[in-house]
J.: 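Have a look at this one before I ask anything.
Basis for what follows: all heavy atoms, side chains included, without hydrogens, waters or symmetry-related copies.
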Amino acid sequence: MNRQLIIRGVAVSTAAIAASVFAAGQFFGDQSAIAPSGVVSGDATQVRGAGLVGGSSFSPPPQTTLPDGSKSPSLAFLETDSAPDQAAAPRGSERGTLEFTALDSSQDKAAAPDVQSDISPVLALAEPETPLCASEMTASPAIDGLFELRISAPCNTGERVVVSHGDLAFTTKLDQEGKFSAYLPALSATVAVDAFLSDDTLLQASTEVPDFDQYARMIVQWSGEDTLALHAYHRGATYGEEGHIHSMNPFDPALEEAFLVSLGDSEALEPMLAQVYSVPLAQATDTRLQLELGTSAQTCGNDLSAYVMSTAGAQAGQPRELRVAMPACGTGDGFVQVDLPFDAATPEAAGLEFTADQS
C-alpha cells in the first residue's frame with residue numbers, strides 16, 4: 001500500500017476543506033475558522049488551488065483502513081498522455097505526482113482580494129413606481145384671503161376641467177403639459193376644492209385660509225357665452241375713471257387690496273364662467289357694483305340669467321339667480337348696465353328679478 005499517496009490524498013481533501021472554510025470565514029467575518037489547528041499555520045490569506053499532475057494509466061487505490069480506524073478517502077485522478085521521467089521521480093511516486101499551490105503567506109496584502117469581513121445580507125425593497133398618468137391637485141394659502149390652486153394631469157392635456165369651491169364653480173382647460181394654476185378667493189376658513197376631469201377623475205384638495213373673513217366679496221357666475229362683466233367703482237368714480245375696476249383693469253392703485261378675479265375659459269366645452277370682486281370690509285361701504293350685459297343678435301330680446309352671491313350685507317352667503325330681460329335692440333353691439341346690491345346701503349336696482357337658489 002502506498003502510504004505516501006494516501007497521505008497526499010488526505011492533504012488534497014484537507015486543502016479543499018481549508019479553502020472552503022477560508023472563503024466562508026472571509027464572507028461571514030469568522031477569522032478563527034480560517035486556520036483550524038493542525039491544518040494551516042501562519043497568516044495565510046489565500047488558497048490558490050491544489051491538483052494532481054503527471055502519471056499515466058493510473059488506477060486509484062482501493063479504499064483502505066488507516067491505523068486510527070478511519071477510511072482513506074477515494075480520490076479521482078486525472079490521466080495525461082505523457083508521463084514525467086520515471087527515473088527522476090522519487091520512490092513511491094511512479095504512478096503520479098501531486099503538485100500544490102502554496103498558501104499565500106506574503107505580506108503583500110494587495111495581492112489578496114479585498115474581501116469585506118462585515119458583510120451582512122440586506123433586503124432591498126423596490127420603490128413603488130409612480131403611474132405615468134397620475135393626476136394630482138394641491139391647494140395652499142396665499143395673501144388677501146386667496147388660495148393657490150394647482151392641478152397636474154399629464155395624460156389629460158388640453159382637456160376640460162370643472163373646478164368647484166363652495167357655491168363657486170367654473171370650467172377651464174389644462175395646458176399642453178396637463179397643468180392649471182390660479183389664485184381663487186376663499187369662501188370659508190377651511191377651503192375644500194373639487195376638480196372633475198373629462199375622464200370622470202375626481203381630484204380633491206384642502207387648505208386653511210384664516211383671513212378669508214376680512215374681505216367682502218361679490219361673485220357673479222353664468223353659463224354660455226362671455227357676455228357678462230362685473231364692474232366696481234371706488235371713491236365715487238364713474239366708467240373709465242381712476243378707481244374703476246373691471247376684468248381689463250383688475251386693480252386700483254389707490255386701494256391695492258381691492259381686486260377682481262376672472263375665472264373660467266370661454267372656449268371650453270359648455271363653459272361656466274365667473275368673476276369675483278374682493279375688497280377689505282372697511283372699504284366695502286364705499287364700493288358701487290354694476291353688472292354689464294352685452295347686447296348681440298343672440299341676446300337681444302331674450303332673458304339672460306346669472307347667479308350672484310355676496311359675502312357681506314343682508315344677503316351674505318345666499319346664492320340668488322338674477323334674470324334680466326334684454327331689450328329688443330338693433331344690429332349694433334352694445335351693453336346694458338344694472339346696479340348690484342353689495343351691502344345694506346346699496347338698494348336693489350328696479351326691474352331686476354331675483355330668485356333664491358333652491359339647488
J.: Counting only N and O atoms by type, is there a donor-acceptor contact under 3.5 Å from the side chain of T299 to the main-chain atoms of G294?
T.: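 Indeed, once roles are kept as given, a pair shorter than 3.5 Å links the two residues.
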J.: Can you measure from OG (S152) to CG (L203) and round to the nearest 0.5 angstrom?
T.: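 That separation rounds to 9.5 Å.
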J.: Can you tell if the side chain of V338 reaches within under 4.5 Å of the side chain of L293, non-hydrogen atoms only?
T.: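 Heavy-atom side-chain distance check passes, below 4.5 Å.
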J.: So how far is it from L174 CG to L197 CG, rounded to the nearest 0.5 Å?
T.: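 One finds 6.5 Å between CG of L174 and CG of L197.
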J.: Please answer whether the main-chain N or O of T238 pairs with a side-chain N or O of E241 as donor and acceptor at a distance below 3.5 Å.
T.: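 At least one qualifying donor-acceptor pair exists.
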J.: If we only count heavy atoms from C-beta on, is the E225 to Q298 side-chain gap below 4.5 Å?
T.: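 E225 reaches Q298 side chain to side chain.
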J.: Group every Ile, Leu, Val, Met, Phe, Trp and Tyr by side-chain heavy-atom contacts under 4.5 Å, then state whether I219 and F212 land in the same group.
T.: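 Per the 4.5 Å side-chain linkage, I219 and F212 are co-clustered.
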J.: Which heavy atom in S266 sits nearest to a heavy atom in P271, and how many Å separate them?
T.: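 For S266 and P271, the tightest heavy-atom pair comes out as O-CG, 3.7 Å.
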J.: In sequence, state the C-alpha distance, the side-chain angles, and the governing distance for V163 and V193, and then conclude on side-chain contact (heavy atoms from CB on, under 4.5 Å).
T.: CA-CA 7 Å; V163 178; V193 188; 3.8 Å; yes
J.: Just verifying a value: how many Å separate H165 NE2 and L149 CG, rounded to the nearest 0.5 Å?
T.: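 Nearest 0.5 Å value for the NE2-CG distance: 10.0 Å.
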J.: Check the pair L291, L322 against side-chain contact (heavy atoms from CB on, under 4.5 Å), reporting the backbone distance first and the verdict last.
T.: CA-CA 11 Å; L291 183 64; L322 169 64; 3.6 Å; yes
J.: Taking side chain as C-beta onward, heavy atoms only, is M326 less than 4.5 Å from T295?
T.: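 Yes; the side chains approach each other to less than 4.5 Å.
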J.: Check whether any side-chain heavy atom of L304 lies under 4.5 Å from a side-chain heavy atom of R323, and answer yes or no.
T.: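 The answer is no; the side chains never approach within 4.5 Å.
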J.: For S305, is there any backbone N or O sitting under 3.5 Å from a side-chain donor or acceptor partner on E321?
T.: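 It does not hold such a pair.
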J.: Mind checking whether L168 and L187 have side chains closer than 4.5 Å, heavy atoms only?
T.: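 Yes, at least one pair of side-chain atoms sits under 4.5 Å.
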J.: F259 vs Y215 aromatic rings, parallel, tilted or perpendicular, using cut-offs 30° and 60°?
T.: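 Geometry flag for Y215 against F259: tilted rings.
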J.: Flag yes if L263 and F147 sit in one hydrophobic cluster, no otherwise; membership is Ile, Leu, Val, Met, Phe, Trp, Tyr, and two members link when side-chain heavy atoms are under 4.5 Å apart.
T.: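 Same hydrophobic cluster.
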J.: Should the heavy atoms of other residues, nucleotides or ligands under 6.0 Å from OH of Y239 be counted, would the total exceed 12?
T.: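 Yes, the 6.0 Å shell around OH holds more than 12 heavy atoms from other groups.
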J.: Heavy atoms only: give me the nearest W222-A306 pair and the separation to one decimal.
T.: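 Shortest heavy-atom contact: CB-CB, 4.1 Å.
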J.: Under a 3.5 Å distance rule, please check whether D175 uses its side chain to pair with a backbone N or O of G178 as donor and acceptor.
T.: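 The answer is yes, because a donor-acceptor pair under 3.5 Å joins these two groups.
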J.: Same cluster for L273 and F335 if Ile/Leu/Val/Met/Phe/Trp/Tyr side chains link at under 4.5 Å?
T.: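 No, separate clusters.
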J.: Taking I151 as the starting point, is it possible to reach L184 by hopping between hydrophobic residues whose side chains are less than 4.5 Å apart?
T.: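 Yes.
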J.: Minimum heavy-atom separation for A232 to L289, with atom names?
T.: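 Closest approach of A232 to L289, heavy atoms only: CB-CD2, 3.5 Å.
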J.: Any idea which heavy atoms bring S140 and T207 closest together, and the distance?
T.: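 In this case the closest contact between S140 and T207 is CA-OG1, 3.8 Å.
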J.: Search all heavy atoms of S247 against all heavy atoms of S262 and return the closest pair with its distance.
T.: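 Closest heavy-atom pair between S247 and S262: CB-OG, 3.6 Å.
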J.: Is a side-chain donor-acceptor pair under 3.5 Å present for E208 with T190?
T.: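 Their side chains do contain a donor-acceptor pair, which is all the 3.5 Å distance test asks for.
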J.: Give the minimum heavy-atom separation between I245 and P250, together with the two atoms involved.
T.: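 Nearest heavy atoms, I245 then P250: CG2-O, 3.6 Å.
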J.: Would you say the side-chain atoms of R150 and T138 include a donor-acceptor pair closer than 3.5 Å?
T.: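 Their side chains do not contain a donor-acceptor pair, so the 3.5 Å distance test is not met.
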J.: Are V308 and L260 connected in the hydrophobic side-chain network, where two residues link if heavy atoms are under 4.5 Å apart?
T.: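 Hydrophobic grouping puts V308 with L260.
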J.: Would you call L202 and Q204 a side-chain contact if the rule is heavy atoms closer than 4.5 Å?
T.: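 Sidechains of Q204 and L202: in contact.
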J.: Does the plane of the ring in H234 sit parallel, tilted or perpendicular to the ring in Y277? Use 30° and 60° as the thresholds.
T.: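 The arrangement is tilted - the two ring planes meet at 30° to 60°.
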J.: The test is side-chain contact (heavy atoms from CB on, under 4.5 Å); show your working for V162 and T172 and say whether it passes.
T.: CA-CA 7 Å; V162 179; T172 186; over 6 Å; no
J.: Look up atom CZ in F342 and atom OG1 in T287, then write down how far apart they are to the nearest 0.5 Å.
T.: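 Answer rounded to 0.5 Å: 6.0 Å.
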J.: Could you check if a side-chain atom of Y307 sits within less than 4.5 angstrom of a side-chain atom of D167, using non-hydrogen atoms only?
T.: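 Not touching, per the 4.5 Å side-chain cut-off.
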J.: So how far is it from K179 NZ to E136 CD, rounded to the nearest 0.5 Å?
T.: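 Rounded to the nearest 0.5 Å, the NZ-CD separation comes out at 9.5 Å.
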J.: Do the rings of H244 and H231 sit parallel, tilted or perpendicular, given the 30° and 60° boundaries?
T.: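 Aromatic pair H244/H231 classed parallel.
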J.: Under the side-chain contact (heavy atoms from CB on, under 4.5 Å) rule, what do D194 and S164 come out as? Steps first, then yes or no, please.
T.: CA-CA 5 Å; D194 294 336; S164 65; 3.6 Å; yes
J.: Evaluate side-chain hydrogen bond (donor to acceptor under 3.5 Å, both in side chains) for R217 paired with S278, printing each intermediate quantity in order.
T.: CA-CA 4 Å; R217 294 189 167 102; S278 297; 2.7 Å; yes
J.: Under a 4.0 Å threshold between the charged nitrogen and the carboxylate oxygen, would D265 count as salt-bridged to R160?
T.: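 So R160 does not pair with D265 through a salt bridge.
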J.: Starting at CG of D286, measure out to CZ of R235 and round the result to the nearest 0.5 Å.
T.: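 Atom-to-atom, D286:CG and R235:CZ are 9.5 Å apart.
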J.: Would you say the side chain of N156 lies within less than 4.5 Å of the side chain of V161, judging by non-hydrogen atoms?
T.: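 V161 vs N156: side chains apart.
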